[in-house]
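One structure is given below, encoded as structure tokens.
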Amino acid sequence: MSPLRIARRYATALLRLAQETGEHEQIYQELSWLRRILESSSELRAFLRNPIIRSEQKHAVIHQLFAERVSPLVLQFLLLLVSKRREALLPEIITAYEELYYQYTDRLPVTVRSAVPLEAALQEQLVAALQERTGKTIVPSFVVEPTLLGGIQLQIGDTVIDGTLRHALERLRRQLLERMPARWLRSELSLPTDHEP
């Protein structure tokens with residue numbers, strides 16, 4: 001079985017337990033926090049991925065790091081992953097849980113990229129428009145990418161809606177190349193000048 005399918009099975013089991021206890025929102029918040037911890041700590045990632053370290057040692061470290069910071073359900077889940085030797089899949093399991101959680105709560109994550117930070121009022125208008133259009137609760141993530149030059153780019157799942165200046169300039173360049181006479185595109189030919197005899 002592929003790692004992604006394994007991760008989804010564990011995430012599905014965790015979400016079912018969280019639904020039964022009414023903790024799905026809290027578990028989502030805690031897993032999001034865990035993701036940030038993992039992304040910021042290469043030492044923790046290396047520790048979890050190291051197959052040489054015994055499960056007992058990993059259990060002790062997880063207790064020490066997280067027992068006071070996460071719910072008993074998440075703590076038990078982390079210990080279960082270690083016991084099953086699946087702790088290296090934790091980032092993939094968190095991603096799978098988020099996807100399932102969004103489906104369960106009718107939410108839609110959207111990444112909004114812009115060349116400069118968007119004002120709060122504009123962010124709110126954009127989120128409101130997307131919610132009205134999709135009928136879902138939008139979970140926005142605003143990212144600044146100066147290379148976009150201007151405008152905004154929306155990413156919803158695998159779909160990208162590109163309204164950036166960079167994209168518009170690239171589209172214009174392609175259109176000009178398509179309409180340009182073929183003889184102008186040949187490198188061996190040069191454009192005529194007024195100075196030729």
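Hydrogens, waters and symmetry mates are skipped; everything else that's a heavy atom, side chains included, is used.
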Any residue meeting salt bridge (Lys or Arg N to Asp or Glu O under 4.0 Å) with R86, in chain and number order, not counting sequence neighbours:
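With sequence neighbours excluded, R86 shows a salt bridge (Lys or Arg N to Asp or Glu O under 4.0 Å) to no residue whatsoever.
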Give me the one residue out of L108, T105, L130 that meets side chain to side chain contact (heavy atoms under 4.5 Å, CB included) with K136.
L108
Using every non-hydrogen atom in the two residues, find where [X] and [Y] come nearest and quote the distance to one decimal.
X: R85; Y: P51; value: NH2-O, 2.9 Å
X: Y97; Y: A18; value: OH-CB, 3.8 Å
X: R45; Y: S40; value: NH1-N, 4.3 Å
X: V82; Y: E87; value: CA-OE1, 3.4 Å
X: R35; Y: T95; value: NH2-OG1, 3.1 Å
X: P3; Y: L89; value: CB-CD2, 3.7 Å

Give a yes or no answer on whether the side chain of [X] reaches the backbone of [Y] with a donor-acceptor pair at less than 3.5 Å.
X: E92; Y: A7; value: no
X: R69; Y: L65; value: yes
X: S41; Y: L44; value: yes
X: Q57; Y: R54; value: yes

Mind checking whether H24 and Y104 have parallel, tilted or perpendicular rings, split at 30° and 60°?
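Correct class here is perpendicular.
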Report yes if the distance between the aromatic ring centroids of Y28 and Y102 is under 6.0 Å, otherwise no.
yes
Are more than 12 heavy atoms from other residues, nucleotides or ligands located less than 6.0 Å from atom CD of Q64?
no
Between E119 and Q123, does any side-chain donor sit less than 3.5 Å from a side-chain acceptor?
no
